[in-house]
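Below is one structure, written out as structure tokens, with a few remarks after it.
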Amino acid sequence: MNSNQKAAKIVGVLFILAAVTAIVGLNLYNPILNGPDYLTKGSEHAYQVILGALMELILVVSAVGTAITMFPILRKYNETIALWHVCFRFLEAIIITVGVISVLSLLTLSREFVASGVQDTTSFQASGTLLIAVHDWTFMLGPLFMLGINTMMYSYILYKSKLVPRFISVLGMTGATLVFICALLVMFGVIQQVSVWGGILALPVAANEMILAVWLIVKGFNESANLKGKNYLSL
């Protein structure tokens, strides 16, 4: 097995790991992010919330890992876009990390609220609302807005290079466009991110990542598409 095929398998595993940890992490956050009694529920389910944060940190490492592992391969076909992909993937990871920090800060607020035993919840509610808002915006900007940009970048290179079957690349570019549109609609309050329309618009990019992941693990990159001596493809 050559280095490119090893890299393909690593990327495939990281895509699956990122998807799983993202879903698990969001579900584990449920006590502290959903419901009016989050100030008490957060403290009661502290270990669950911390485990959710750990899942999202694994997501961050996985997301960055895909970009770093793919870079030496993608740069042969378009070094500029490959570098942009790494940079924007890092930016996505930073945004998600800010969201993790907001949730852990909310957990600290919840613990302080329970420990203090105060009756006036006004100040705690105000701080909690702000921290939840920070998480909600990072949840939109990272997994939707930046994901759309990143997916379009690597899918375009994969389409031009034929490193994977073009139906996967086309699905990736289609999914990237739809999830980016979803981010804009959520940003302007047209739809909710966690909604039927949000799920429909995000489904193609999720399907692309899983199909691409399985293909890379089983088949790897198409070696016959390796263009020796070329550092980029014309746009």
Side-chain angles (χ1 to χ4, degrees), residues 3-4 6-19 21-22 25 53 55-102 134-164 168-184 186-187 193 201-202 204-206 208-210 212-213 216 221 225-227 230-235:
S3 59
N4 281 359
K6 288 181 180 178
K9 293 184 182 298
I10 292 172
V11 171
V13 171
L14 289 175
F15 267 126
I16 294 175
L17 183 61
T21 52
M55 290 294 104
E56 284 217 300
L57 290 176
I58 296 174
L59 162 63
V60 166
V61 173
S62 301
V64 172
T66 59
I68 293 176
T69 308
M70 291 173 72
F71 177 72
I73 299 168
L74 298 183
R75 71 188 294 268
K76 299 175 184 178
Y77 304 93
N78 195 311
E79 187 169 8
T80 300
I81 295 180
L83 183 59
W84 286 357
H85 174 244
V86 172
C87 293
F88 276 95
R89 186 67 82 178
F90 267 91
L91 184 56
E92 177 187 344
I94 291 171
I95 292 172
I96 295 173
T97 303
V98 172
V100 174
I101 294 171
S102 70
V134 171
H135 174 269
D136 289 347
W137 281 109
T138 57
F139 183 53
M140 185 277 295
L141 291 174
L144 287 185
F145 192 89
M146 289 299 170
L147 177 63
I149 296 174
N150 290 324
T151 303
M152 180 61 74
M153 288 180 181
Y154 75 71
S155 294
Y156 172 78
I157 298 179
L158 293 179
Y159 178 84
K160 296 289 287 185
S161 64
K162 299 181 182 179
L163 282 167
V164 298
I168 299 178
S169 305
V170 171
L171 178 60
M173 290 187 287
T174 302
T177 302
L178 291 176
V179 81
F180 187 79
I181 291 173
C182 180
L184 294 178
V186 172
M187 187 179 297
Q193 183 170 352
L201 291 172
V205 76
N208 166 73
E209 288 192 352
M210 292 303 96
L212 176 61
L216 292 178
F221 291 113
N226 187 25
L227 306 179
K230 266 196 170 182
N231 292 322
Y232 64 91
L233 290 175
S234 59
L235 295 172

List in chain and number order the residues that pass side-chain contact (heavy atoms from CB on, under 4.5 Å) with [X], two or more places apart in sequence or in another chain; answer none if no residue qualifies.
X	result
Ala7	Thr69, Ile73
Phe180	Phe145, Ile149, Leu184
Val64	Ile68, Phe90, Ala93
Thr21	Leu17, Met55, Ile58, Leu59

With a 4.5 Å heavy-atom cut-off, do [X] and [Y] have their side chains touching?
X	Y	result
Asn4	Lys76	yes
Phe221	Leu158	yes
Leu144	Gln193	yes
Met70	Leu163	no
Val205	Met173	no

Nearest heavy-atom neighbours spanning [X] and [Y]:
X	Y	result
Val164	Ser169	CG2-OG, 3.7 Å
Gly148	Ala176	O-CB, 3.3 Å
Ser62	Leu14	CB-O, 3.7 Å
Arg89	Ala63	CG-O, 3.2 Å
Val179	Pro143	CG2-O, 4.4 Å
Ala213	Gly12	CB-O, 3.4 Å

As a quick check of understanding, evaluate side-chain contact (heavy atoms from CB on, under 4.5 Å) for Leu74 and Ile81, giving each step before the final call. CA-CA 8 Å; Leu74 298 183; Ile81 295 180; over 6 Å; no

Got a sec, which pairs hit side chain to side chain donor-acceptor pair (under 3.5 Å) with one end in residues 170-180, sequence neighbours left out? none

Listed once per pair and sorted, the side chain to side chain donor-acceptor pair (under 3.5 Å) pairs that draw on residues 146-155, sequence neighbours left out: Glu92-Asn150, Tyr154-Asn208

Value rounded to 0.5 Å, distance of [atom1] in [X] from [atom2] in [Y]:
X	Y	atom1	atom2	answer
Ile95	Phe88	CD1	CZ	10.0 Å
Ile94	Met146	CD1	CE	9.5 Å
Leu91	Ile96	CG	CD1	10.0 Å

Does atom CZ (Phe71) have a neighbourhood of more than 12 heavy atoms from anything else shown, all under 6.0 Å? yes

Partners meeting ring-ring contact (aromatic ring centres under 6.0 Å, His included) with Tyr159 (sequence neighbours left out): none

Could you list the residues that satisfy ring-ring contact (aromatic ring centres under 6.0 Å, His included) with Phe139, not counting sequence neighbours? His135

